[in-house]
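Worksheet: one structure, shown below.
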Number of protein chains: 2
Amino acid sequence: MREHDHSGLLEHVREEMPSDEKLQELGDLFKVFGDITRIRIMYALHEDEMCVCAIAELLGMTQSAISHQLKTLKDADLVAARREGKTVYYSLSDDHVRSIIAQGYEHITE
Amino acid sequence: MREHDHSGLLEHVREEMPSDEKLQELGDLFKVFGDITRIRIMYALHEDEMCVCAIAELLGMTQSAISHQLKTLKDADLVAARREGKTVYYSLSDDHVRSIIAQGYEHITE
DNA sequence: CGTTCATATGAACGATTGCTCATATGTTCA
DNA sequence: TGAACATATGAGCAATCGTTCATATGAACG
């Protein structure tokens, strides 16, 4: 399968393309959104902060599973943690989370 | 680890939460964005349609690899295909793609 | 201190993912 | 029809992912 010619187009597109590093970061970010448990957690935190065991109870899942996922979300700067005694409260870290989910929701409900 | 009480909060959050089906769809959608090759393809199609072999050449990847990923993108309604003779041209199917990527990009470059 | 509650984390295991390779389908043209 | 080109697709395999289980850390309180 020898390719036909598109030399002109390619050079132009190449200029518009962000760096590999940025693209990788972008992919890694969306990967975090690509799991139903993490989506559920983000929806749970949509209105207010919550502690780990409340989220676990809400979703009917293990504390451990939730904690692992919260770590993933935190590493991606999607949630922030605040400690109060024994309890750790998590909240959405900024409005990008809400925007991204909202855009996705629009797409699937069109 | 017996949990402490949060009966009030949980009921409220449960009402705001979309159905499992919607959440799964949402997760599946973002999963598609969660791969650098597919991100690259969407960026390539950002301005104009392209045929499969042009994308393959642009990204320095196999025609087969690109074709598989285009199928994934098409199944998620993120790209549309148009045939012209032997060639198949792909393009972004709507502006949600651009919006979602733009929001993600904002998040990582804050 | 030691106990209890809340959370975090490492190892392990099944499930999913993205690529490659081989091959099939579809289109044009001689 | 048959050859050449463009694309699609199925099987297989290494790598990654999400959970579980066991255990560790950390804070409050007697």
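Just so it is clear: chains get the letters A, B, ... in the order the sequence lines come, proteins before strands, and each one is counted from 1.
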Nearest-Å distance for atom pair [atom1]/[atom2], residues [X] and [N]:
| X | N | atom1 | atom2 | value |
| --- | --- | --- | --- | --- |
| A/R40 | D/dG18 | CZ | P | 14 Å |
| A/L59 | D/dG18 | CG | P | 15 Å |
| B/L70 | D/dA8 | CG | C1' | 11 Å |
| A/Y89 | D/dG26 | OH | C1' | 16 Å |
| B/K86 | D/dA3 | NZ | P | 16 Å |
| A/K71 | D/dT25 | NZ | C1' | 14 Å |
| A/K74 | C/dT7 | NZ | P | 13 Å |
| B/L73 | C/dT17 | CG | P | 14 Å |

| query | What nucleotide among D/dG26, D/dT7, C/dC19 has an atom nearest to a side-chain atom of B/S67? | reply |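 It is D/dT7.
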| Does any N or O in the side chain of A/D95 come within less than 3.5 Å of the main-chain N or O of A/R98, such that one atom is a donor and the other an acceptor? |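 Not a single qualifying donor-acceptor pair exists.
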| message | In this structure, would B/M50 and B/Y89 fall into the same cluster of hydrophobic residues linked by side-chain contacts under 4.5 Å? | response |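 In one cluster with B/M50: B/Y89, no.
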| task | Name every residue in residues 22-37 of chain A that has at least one heavy atom under 4.0 Å from any atom of DNA chain C, in order of residue number, or write none if there are no such residues. | result |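 Within this stretch, nothing sits under 4.0 Å of the strand.
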| query | Given B/R40 and A/D20, is the salt bridge (Lys or Arg N to Asp or Glu O under 4.0 Å) satisfied, shown in steps? | reply | CA-CA 9 Å; B/R40 267 196 256 257; A/D20 280 12; 2.9 Å; yes
Between atom [atom1] of [X] and atom [atom2] of [Y], what is the distance when rounded to the nearest 0.5 Å?
| X | Y | atom1 | atom2 | answer |
| --- | --- | --- | --- | --- |
| B/K74 | B/Q69 | NZ | CD | 15.0 Å |
| A/Y43 | A/L58 | OH | CG | 14.0 Å |
| A/E47 | B/E15 | CD | CD | 10.0 Å |
| B/L26 | A/T109 | CG | OG1 | 9.5 Å |
| B/L73 | B/H68 | CG | NE2 | 13.5 Å |

| task | With the side chain counted from C-beta on, respond yes when A/L29 and B/Y105 share a heavy-atom pair under 4.5 Å apart, and no when they do not. | result |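 When only atoms from C-beta onward are counted, B/Y105 and A/L29 do not touch, as no gap falls below 4.5 Å.
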| said: Quick check on DNA chain D: between A/T72 and A/E84, whose nearest nucleotide comes earlier from the 5' end? | reply: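 It is A/T72 whose nearest nucleotide is closer to the 5' end.
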| said: Does D/dG18 have its OP1 or OP2 closer than 4.0 Å to a side-chain nitrogen or oxygen of A/R38? | reply: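 For D/dG18, OP1 or OP2 has a side-chain N or O of A/R38 closer than 4.0 Å.
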Between the protein and nucleotides 20-22 of chain D, which nitrogen or oxygen pairs come in under 3.5 angstrom?
residue, atom, partner, partner atom, Å
D/dT20, OP2, A/T62, OG1, 2.9
D/dT20, O4, A/H68, NE2, 3.4
D/dC21, N4, A/S64, OG, 2.7

| said: Suppose we define a pair by two distances each less than 3.5 Å, Watson-Crick or G-U wobble; what does D/dA28 pair with here? | reply: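 Pair assignment: D/dA28 / C/dT3.
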